[in-house]
Each structure stands twice: as C-alpha cells, then as structure tokens.
Amino acid sequence: VGPYQVFQAGSSLSAPVFDLTLWRRYQSQRSLANAAKASSLSTREQVILLVVSQYIGTLRDVATVQAADSRVKLAQALYDQAADLQKEGVGTGIDTLRANVELQNEKQRFIEAEASRETSLYGLSRLLNLDPRQAIELSDSLSYFETPQPDVEQSIEQALADRQEWKSLSDQIRAAAWQKKQAWDQRLPSLVAQGEWDYQGTRINNGIPTYNYELALNLPLFTGGRIRAESTRADLEIRRLQQQQADLRNQIGLDVKTALINLTSARSEVQVANLGVQLSQQEVDQARDRFRAGVANNIEVIQAQDSLSRANDNQIAALYRFNQARADLARSIGQMERVYAK
C-alpha cells in the first residue's frame with residue numbers, strides 16, 4: 001500500500017503518418033514567407049528611388065551653380081565693357097549702371113544656387129547615413145542621352161512580372177487559398193504514430209526497460225461549424241486580397257503610362273531647351289557686338305542676359321525632368337535596383 005518510491009526515466013515519440021492539414025499549413029506559411037520577402041524588396045526599391053531622386057536633384061542644383069557662375073562671369077565682362085566705353089567717352093553712365101545692376105543680380109542668384117546645392121548635398125548625406133562632416137563629391141553630371149521609347153503594353157506586362165508589390169499580393173492570395181484548403185482538410189482523419197520507452201523500478205539499480213508503440217487514428221467529430229467558419233474567413237481574405245490586387249494592377253498601369261508620358265515630354269523639352277540656350281547665347285553675342293559698336297545701348301544686352309538666364313534654367317529643369325522620368329519609369333516596371341544599383 002505504501003508509501004514507497006518509484007523510479008522512472010525514458011523518452012516518448014509522436015509523429016504524424018498522415019495529416020493533410022500539416023502539409024497545407026506548410027504550403028501556406030511558405031507563401032507568406034515569399035510575400036514577406038517580396039514586401040522587403042519593394043521597400044528596398046522605394047529606398048533606391050528616394051536616393052536616386054535626391055541624387056538627381058543634387059545634380060540639378062550643381063548644374064544651377066555652374067550656370068549661375070557662368071552668368072556672373074558674363075555679367076562681369078559686360079560691366080567691364082560698359083565701364084571701359086564710358087571711360088572712352090563712347091558709353092554713358094546709365095549703361096554702366098544697368099550693367100552693374102545686372103551683375104549684382106547674377107551674384108545674388110549665384111549665392112542662392114550655392115545655398116540650394118549645399119542643402120541638397122546635406123540631404124543626400126542624410127539619406128546615405130554618412131558622417132555629417134564628410135564631404136561629398138558627385139561623380140556624374142546632369143546629362144541627356146538618347147534612349148529608345150518603350151512600348152506601353154510591354155512595359156505594363158514587365159511591371160506585372162517584376163513589381164515586388166504584385167508578387168507579394170499574389171503570394172498572399174496563394175497563402176489564403178492554402179489556408180482555405182487546410183480548413184476543409186480538417187474533416188479528413190489523421191494517422192499518428194506514437195511510442196515510448198521507459199526504465200522503471202523502485203530504485204535506479206533494479207529497474208527494467210518498458211516500452212509501448214501504437215498507431216492512433218483520429219476522427220474529427222462535431223467540427224463542421226468550426227471548419228465552415230475557418231473556410232469562410234479564408235474565402236473573405238481571398239476576396240479582400242483580390243480587390244487589392246485589382247486596384248494595384250490599375251495603379252501599376254497608371255504609373256507606367258504616366259512615366260512614359262513624362263519621359264516623352266521631357267525628351268522633347270530637352271531638345272527645345274538646348275536650342276533655346278544656343279539662340280540665347282547668339283542673342284547675347286549680337287547684342288554685345290552692337291553695344292560695342294555704339295549702334296545700341298546696353299538695354300539689348302541686359303534683355304539678352306535675362307533671356308540666357310531663363311534659357312539656362314529651362315535647360316536644367318528639362319534635364320532634371322528627363323532623368324527623373326527615367327527613374328520613375330524604372331520604378332514603375334520594378335527595375336530600380338537593376339538599373340541604378342552598382
């Protein structure tokens with residue numbers, strides 16, 4: 001009757017032989033893992049786009065500083081010319097004064113351009129998580145080069161194949177479908193192998209080995225309501241994700257079409273802006289020659305300078321829009337890292 005001491009030590013094992021719900025759960029979790037990986041890559045694409053956009057904006061500010069510096073040198077030369085003509089008795093004081101006013105205006109624009117460039121460089125340094133004391137030198141310049149115009153339909157198909165957001169939603173839909181199958185497969189019986197081995201005795205030195213092995217067949221009873229509820233919930237999740245996918249498909253189409261329109265427009269703007277700079281430079285040269293010859297006062301020169309300033313700004317803006325449109329197109333078709341990462 002006791003009391004008495006019993007010693008027992010051993011191990012047990014339980015493993016499913018046939019359980020279809022476990023396989024469905026594995027397939028569902030694998031799809032969810034792929035969806036999470038695609039979401040991570042989508043975030044990476046967004047980060048690359050942000051850095052590239054900041055880099056292009058910084059290139060624009062650098063080009064603006066260079067153009068402003070060139071205009072300051074031109075204004076200084078025109079001011080010196082007006083002052084020399086006044087000393088020679090050919091020019092007038094008002095011509096020198098107008099040239100000096102234009103020179104000061106160009107110097108002010110140059111100072112503003114330098115401040116904007118430094119601000120953009122600081123912003124780029126912050127995005128790259130660099131030491132604030134570390135100087136940055138840009139290895140590129142704002143430029144234009146001919147690129148073939150992509151086809152709209154092919155670009156949309158490529159976007160649907162490569163956009164990570166689309167892949168993530170597709171994997172989530174597959175995971176929800178596997179979860180629905182898992183819910184229905186719970187109606188099936190499952191077979192489990194179980195076993196244990198023990199060492200038993202009243203003391204550790206007089207025990208004997210014991211063992212037990214069995215196959216257990218589990219039959220689900222009274223689970224129809226729960227299974228239907230889980231299946232309905234999975235079905236609702238599939239419908240929600242499909243609605244998101246339809247909205248994303250329309251958004252991808254809009255992104256691709258907008259990027260292509262902006263690229264085409266920017267390409268034409270660059271061509272027009274380049275011609276505008278050439279014509280404005282010729283206008284400055286002719287007005288300067290006319291002023292030197294005494295045919296006209298320097299009002300024409302000042303107006304030509306203003307025209308050149310606007311033409312430079314238009315050219316820089318067009319080049320910026322062209323390069324930004326290329327980046328937006330690469331993002332819309334899911335090719336940011338492939339195009340810009342080095």
Visitor: With a 4.5 Å heavy-atom cut-off, do Tyr199 and Phe7 have their side chains touching?
Guide: yes

Visitor: Please answer whether the main-chain N or O of Val101 pairs with a side-chain N or O of Asn105 as donor and acceptor at a distance below 3.5 Å.
Guide: yes

Visitor: Partners of Arg44 by salt bridge (Lys or Arg N to Asp or Glu O under 4.0 Å), sequence neighbours excluded?
Guide: Glu337

Visitor: Does Ser42 reach the main-chain N or O of Ala38 with its side chain, forming a donor-acceptor pair under 3.5 Å?
Guide: no

Visitor: Taking only residues two or more places apart in sequence or in another chain, which ones pass salt bridge (Lys or Arg N to Asp or Glu O under 4.0 Å) with Asp61?
Guide: none

Visitor: Are any of the side-chain nitrogens in Arg98 or Glu102 under 4.0 Å away from the carboxylate oxygens of its partner?
Guide: no

Visitor: Taking Ser231 for the side chain and Ile227 for the main chain, is one N or O donor matched with an acceptor at less than 3.5 Å?
Guide: no

Visitor: Is the closest side-chain donor-acceptor distance between Ser53 and Gln324 under 3.5 Å?
Guide: yes

Visitor: Indicate yes or no: does Asp69 engage Lys73 in a salt bridge with an N to O separation below 4.0 Å.
Guide: yes

Visitor: Does a donor on one side chain sit under 3.5 Å from an acceptor on the other, for Gln303 and Glu283?
Guide: no

Visitor: Is the number of heavy atoms from other residues, nucleotides or ligands within 6.0 Å of OH (Tyr213) greater than 12?
Guide: yes

Visitor: Show the numbers, then the answer: is there a side-chain hydrogen bond (donor to acceptor under 3.5 Å, both in side chains) between Thr264 and Gln149?
Guide: CA-CA 8 Å; Thr264 303; Gln149 182 68 16; 2.8 Å; yes

Visitor: Between Arg71 and Asn312, is there a side-chain heavy-atom distance shorter than 4.5 Å?
Guide: yes

Visitor: Does one side chain, of Gln305 or Ser309, offer a donor that lies under 3.5 Å from an acceptor on the other?
Guide: no

Visitor: So that I can tick it off, tell me whether Lys37 and Asp171 are bridged by a salt bridge, with the cut-off set at under 4.0 angstrom between side-chain N and carboxylate O.
Guide: no

Visitor: Between Arg24 and Gln179, does a side-chain hydrogen bond (donor to acceptor under 3.5 Å, both in side chains) hold up when you go through it step by step?
Guide: CA-CA 7 Å; Arg24 301 302 189 195; Gln179 290 173 358; over 6 Å; no

Visitor: Is the shortest side-chain heavy-atom distance between Leu74 and Val284 below 4.5 Å?
Guide: yes

Visitor: If we count only N and O atoms by modelled type, under 3.5 Å, do the side chains of Gln164 and Ser39 hold a donor and an acceptor together?
Guide: no

Visitor: Under 3.5 Å, side chain of Ser332 to main-chain N/O of Leu329, donor-acceptor pair present?
Guide: yes

Visitor: Do NZ/NE/NH1/NH2 and the carboxylate oxygens of Arg109 and Glu112 come within less than 4.0 Å?
Guide: no

Visitor: Assess the residue pair Asn100 and Thr96 against the criterion (side chain to side chain contact (heavy atoms under 4.5 Å, CB included)); give the C-alpha distance rounded to whole Å, side-chain angles, the decisive distance to 0.1 Å, and a yes or no.
Guide: CA-CA 6 Å; Asn100 194 13; Thr96 305; 5.5 Å; no

Visitor: Do the side chains of Glu196 and Leu13 get nearer than 4.5 Å, heavy atoms only?
Guide: no

Visitor: Is there a side-chain contact between Val62 and Leu138 (heavy atoms, below 4.5 Å)?
Guide: yes

Visitor: Any ion pair linking Arg239 and Asp235 (charged N to carboxylate O, less than 4.0 Å)?
Guide: yes

Visitor: So do the side chains of Thr92 and Gln86 get within less than 4.5 Å of each other, counting heavy atoms only?
Guide: no

Visitor: Give a yes or no on whether the ring-centroid distance for Phe322 and Tyr320 is below 6.0 angstrom.
Guide: no

Visitor: What I want to find out is whether Glu165 reaches Arg331 closely enough, with some N-O distance under 4.0 Å, to be called a salt bridge.
Guide: yes

Visitor: Under 3.5 Å, is there a donor-acceptor pair linking the side chains of Gln54 and Arg126?
Guide: no

Visitor: Indicate whether any N or O donor in one side chain lies under 3.5 Å from an N or O acceptor in the other, for Gln27 and Arg30.
Guide: no

Visitor: Are the side chains of Ile316 and Leu142 in contact, using a 4.5 Å heavy-atom criterion?
Guide: yes

